[in-house]
Amino acid sequence: MRLDFNADPVSLARQLLGWTLTVDGVGGFIVETEAYDVDDAASRSFKGRTARNAAMFGPPGHAYVYLIYGLHWCLNVVCRETGHGAAVLIRALAPTHGLNVMRERRRVAKIELLASGPGRVGQALGIDKRLDGLPLDRPPFELLPPIAAIDVASGPRIGITKAADLPWRFGIAGSPFLSRRLG
DNA sequence: CTTTCGATGATCT
DNA sequence: GATCATCGAAAGG
């Protein structure tokens with residue numbers, strides 16, 4: 001099984017569900033993603049390339065990391081061809097690797113809250129600016145294929161004001177680790 | 001269960 | 001000075 005990072009973000013967002021993502025051996029399987037495309041008013045790449053979003057215009061299969069609301073680090077997977085500015089936001093994981101490390105970083109008792117949201121994923125995996133632009137197929141990252149078939153659900157994206165009607169949020173149907181329920 | 005609101009800082013206008 | 005792909009706590013039903 002292989003991921004096609006050259007695909008469009010909607011396709012990659014669906015492909016990524018069920019893959020296990022770890023940083024320094026800490027993480028879980030991807031349960032929720034969001035697509036951000038070229039010419040997408042909700043995307044940080046919409047107004048063109050800047051210092052902040054440069055990684056989005058770099059090679060597919062690399063990380064794009066940014067700080068939101070001054071305190072949360074969010075992790076994206078760059079896709080399409082180099083120079084396009086499309087990516088998939090990792091919104092939630094089902095924790096499987098390094099549970100103790102994540103609990104220490106997050107300081108929450110419930111396993112459902114360890115990585116169920118983009119900011120929570122960032123905190124649980126220790127994501128920050130150092131990882132911006134790094135390839136996802138080499139340490140500290142690791143991506144492992146799904147072990148079972150995935151039942152995909154979709155719905156509108158969250159926390160955006162533009163193009164908010166597009167159903168570009170994807171998740172594993174019925175998972176208790178989704179940041180919010182999905183239709 | 002729901003809604004509201006403050007925290008916090010880099011980036012862009 | 002405004003914006004922002006969020007979170008968590010607090011307040012209200």
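Residue numbers begin at 1 in each chain, while the letters A, B, ... track the order of the sequences. Keep in mind it's a predicted model, so treat the numbers as computed, not measured.
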Legend entry - Criterion side-chain contact (heavy atoms from CB on, under 4.5 Å) against A:Phe177, the qualifying member of A:Leu114, A:Leu93, A:Ile111: A:Ile111
Inset, instruction - Looking at every strand, decide which applies to A:Arg91 at a 4.0 Å heavy-atom threshold: base, sugar-phosphate, or nothing. - result: sugar-phosphate
Inset, instruction - Send over the distance from A:Asn53 CG to C:dA5 P, rounded to a whole Å. - result: 13 Å
Inset, instruction - Give A:Arg107 one of three labels, base, sugar-phosphate or nothing, depending on what nucleic acid heavy atoms sit under 4.0 Å from its own. - result: nothing
Inset, instruction - Output yes when a side-chain donor or acceptor of A:Arg106 lies under 3.5 Å from a complementary backbone atom of A:Leu113, and no otherwise. - result: yes
Legend entry - Any-strand Watson-Crick or G-U partner of C:dA5, both distances under 3.5 Å: none
Legend entry - Distance in angstrom units between A:Trp73 CH2 and C:dC4 C1', rounded: 14 Å
Inset, instruction - Taking the side chain as every heavy atom from C-beta outward, state whether A:Met102 and A:Leu125 have any atom pair closer than 4.5 Å. - result: yes
Legend entry - B:dT8 pairs with, by Watson-Crick or G-U criteria that keep both distances under 3.5 Å: none
Inset, instruction - Report yes or no: is the ring centroid of A:Tyr66 under 5.5 Å from the six-membered base ring centroid of C:dA5, with the two planes under 30 degrees? - result: no
Inset, instruction - Using the side chain to side chain contact (heavy atoms under 4.5 Å, CB included) rule, take A:Phe29 and A:Ile172 through it: C-alpha gap first, then chi angles, then the decisive distance, then the call. - result: CA-CA 10 Å; A:Phe29 65 89; A:Ile172 297 180; 4.1 Å; yes
Legend entry - A:Ile68 CD1 - C:dC7 P separation (whole Å): 10 Å
Inset, instruction - Select base, sugar-phosphate, or nothing to describe what A:Gly119 touches, counting heavy atoms under 4.0 Å on all strands. - result: sugar-phosphate
Inset, instruction - Could you tell me whether the side chains of A:Glu112 and A:Ser116 share a donor-acceptor contact shorter than 3.5 Å? - result: no
Inset, instruction - Walk along DNA chain B from 5' to 3' and tell me the first and last nucleotide with an atom closer than 4.0 Å to a non-hydrogen atom of chain A. - result: B:dA7 to B:dC12
Legend entry - Position toward the 5' end of DNA chain C (nearest nucleotide), A:Lys162 or A:Val121: A:Lys162
Inset, instruction - Calculate the interatomic distance between A:Arg105 atom CZ and C:dC7 atom P; express it in whole Å. - result: 17 Å
Inset, instruction - For A:Ile160, report the nucleic acid contact type (base, sugar-phosphate, nothing); a contact means any heavy atom under 4.0 Å. - result: sugar-phosphate
Inset, instruction - Give a yes/no answer on whether the side chain of A:Arg157 brings an N or O atom under 4.0 Å of OP1 or OP2 in C:dA5. - result: no
Inset, instruction - With DNA chain B as reference, determine whether A:His72 or A:Lys129 sits nearer its 5' end, using the nearest nucleotide of each. - result: A:His72
Inset, instruction - Report the distance from atom CD1 of A:Ile158 to atom C1' of C:dT6, rounded to the nearest whole Å. - result: 11 Å
Inset, instruction - Return the value, rounded to whole Å, for the distance between atom CZ of A:Arg120 and atom P of C:dT6. - result: 11 Å
Inset, instruction - For the pair A:Arg91 and A:Glu34, find out whether any cationic side-chain nitrogen is under 4.0 Å from an anionic carboxylate oxygen. - result: yes
Legend entry - Rounded distance in Å - CG (A:Leu71) to P (C:dA9): 13 Å
Inset, instruction - Return the value, rounded to whole Å, for the distance between atom CD1 of A:Ile90 and atom P of C:dA5. - result: 17 Å
Legend entry - A:His72 side chain near A:Gln123 side chain, heavy-atom distance below 4.5 Å: no
Legend entry - Whether A:Asp8 side chain and A:Arg80 backbone form a donor-acceptor pair below 3.5 Å: no
